[in-house]
Amino acid sequence: MDKFMIEGGERLFGSIRAQSAKNSVLPLLAASVLTDRVVTIREIPPISDVTCMAQILRELGAEVRLNDGAAVIDSSNAGEHRISSALTKELRSSVFMLGSLLTRFHRAVTAYPGGCDIGLRPIDLHLNALKRLGVNISERDGYIFCECDRLRGAEIVLDFPSVGATENILLAAVKAEGRTVLSGAAKEPEIVDLQNFLNRMGARVRGAGGDTIVIEGVKTLGGVDYTPVKDRIEAGTYLIACAVCGGEVEVEGVKPENVGLLLHKLRENGCKIHTKNDKIRIASYGRLKCNRRIETMPFPGFPTDLQAQATALNATAEGGTLVVENLFETRFKYVPELIKMGADIEVRGRTAFVRGVPRLNGATVTAGDLRGGAALLLAALGAEGTTELLDLSHIDRGYSDPEGKLRELGAHIRRVRI
Ligand code: EPZ
């Protein structure tokens, strides 16, 4: 298990290019089994969630080659419709394999994806939607058994704009008989990316990015060669890193409107933000002002995946900040680790009250989940002294080469294998 050794206090200067979005690449890999033709997904980020999804595809009988930064998937010989429980537990987002396998094989079996450190993460919205499309579902001994004679288009209403459920519905409806109208859809940029990918395969999907998505079932889907959208959460993480440390950093590859509310919040902190096309430049000098209130909401609201990082920023900003986490039940598990570094934060259920202190101090802290780990990394970069950040397996799930990118910006960070 690796750890980071970080000498805090260095300002950051320079530019980095965002990786392909983890939360787009994963559904695109799931979508690759919709067709028996070859699918190429370029600029694949070398992160462990992607490796895990590639393993799931291989277990289904698909050939997955990772070369020159691209994933080339040939599922013409795939025939397995059961996803192993170990991989489902490892990677929750395997749940949207259900939609792909049902479209390809009219059958799918997967273990109930476990909860994780940020909440229960039920999949009732996924399963109810699949039933509307004609799928028979039974659950036994922790497994979900899905089968259907045929998938037929339906009117589906999501009473919560679940990202994963929206993606699963698209994957299950693309070849269903007739039209599917999905209301209450998630509007994240990754949904738009999935729509573009599917339409390049020959699907007929429209409306992604808005409340209502219409899918006209088609008979066949062909291969595709596709470059995914860039990672707005990774980009936001490095913008916040610069805000915490001070300096001037430019992040390239992400449209400003995909991190719109974050930029508004960073300006509220007193950072200078300039945007041009897909370049976002931040300058941060002196002690920041607090945000007073951060409330996570579905897109285009403040992203839950940047909540921990924004809390770390406000831990040393001037004033008090109320952080409300509306998406997940327990997404403050990183707070006790920030308190070890000298943060003054009180958590009550889905709310955290942050009193800014002048500086944090280096300490030995442990990452417990992906974005909580990123928050501890940012806190360490801005802290006085040395921080030992343990259990990098979480950060490595979603960030490619974080130490390399941060060292390029001037951070004193090194990875130690233990
Ligand atoms: C996706 O998870 C992302 N993961 C998450 O990113 C992100 O935090 C989340 O969307 C919200 O934006 C991927 O895309 C791989 P949801 P997902 O379904 O699809 C409840 C990261 O750090 N819900 O929109 O699981 C659920 O419990 C990860 O990169 C139900 O109640 O999120 C949660 O409270 C973390 N029933 C809320 O909806 C369901 O059937 C949002 O979940 C499904 C979800």
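Atoms considered below: every heavy atom in the structure, side chains included; atoms not considered: hydrogens, waters and symmetry mates. All residue numbers refer to positions in the sequence shown, counting from 1. In listed order, ligands and their atoms are each counted from 1.
Looking at residues two or more places apart in sequence or on another chain, you find a side-chain contact (heavy atoms from CB on, under 4.5 Å) between Asp211 and Lys187.
When side chains are defined from C-beta on, Gln309 does not count as touching Tyr238, because their heavy atoms never get closer than 4.5 Å.
With Leu133 as the fixed residue, the side-chain contact (heavy atoms from CB on, under 4.5 Å) test singles out one of Thr103, Leu151, Asn168: Leu151. In summary, of the residues considered (Thr296, Thr311, Thr351), a side chain to side chain donor-acceptor pair (under 3.5 Å) with Glu325 occurs for Thr296 alone.
In this structure, Arg42 fails the cation-pi test against Tyr226, since its NZ or CZ atom is not both closer than 6.0 Å to the six-membered ring centre and inside 45 degrees of the ring normal.
Side chains of Thr321 and Arg355: no donor on one and acceptor on the other come within 3.5 Å.
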N/O to N/O under 3.5 Å, ligand 1 against protein:
unit_1: ligand 1; atom_1: 2 (O); unit_2: Arg121; atom_2: NH2; d: 3.4
unit_1: ligand 1; atom_1: 6 (O); unit_2: Asn23; atom_2: ND2; d: 3.3
unit_1: ligand 1; atom_1: 6 (O); unit_2: Asp305; atom_2: OD2; d: 3.0
unit_1: ligand 1; atom_1: 8 (O); unit_2: Asp305; atom_2: OD1; d: 2.6
unit_1: ligand 1; atom_1: 8 (O); unit_2: Asp305; atom_2: OD2; d: 3.4
unit_1: ligand 1; atom_1: 18 (O); unit_2: Ser162; atom_2: OG; d: 2.7
unit_1: ligand 1; atom_1: 19 (O); unit_2: Gly164; atom_2: N; d: 2.8
unit_1: ligand 1; atom_1: 22 (O); unit_2: Arg331; atom_2: NH2; d: 3.2
unit_1: ligand 1; atom_1: 22 (O); unit_2: Arg371; atom_2: NE; d: 2.9
unit_1: ligand 1; atom_1: 24 (O); unit_2: Val163; atom_2: N; d: 2.8
unit_1: ligand 1; atom_1: 25 (O); unit_2: Arg121; atom_2: NH2; d: 3.0
unit_1: ligand 1; atom_1: 29 (O); unit_2: Lys22; atom_2: NZ; d: 2.9
unit_1: ligand 1; atom_1: 29 (O); unit_2: Asn23; atom_2: ND2; d: 3.0
unit_1: ligand 1; atom_1: 29 (O); unit_2: Arg371; atom_2: NH2; d: 2.8
unit_1: ligand 1; atom_1: 34 (O); unit_2: Leu327; atom_2: O; d: 2.3
unit_1: ligand 1; atom_1: 36 (N); unit_2: Pro122; atom_2: O; d: 3.4
unit_1: ligand 1; atom_1: 36 (N); unit_2: Asp124; atom_2: OD1; d: 2.7
unit_1: ligand 1; atom_1: 40 (O); unit_2: Pro122; atom_2: O; d: 3.3
unit_1: ligand 1; atom_1: 40 (O); unit_2: Asp124; atom_2: N; d: 3.1
unit_1: ligand 1; atom_1: 40 (O); unit_2: Asp124; atom_2: OD1; d: 3.4
unit_1: ligand 1; atom_1: 40 (O); unit_2: Leu125; atom_2: N; d: 2.7

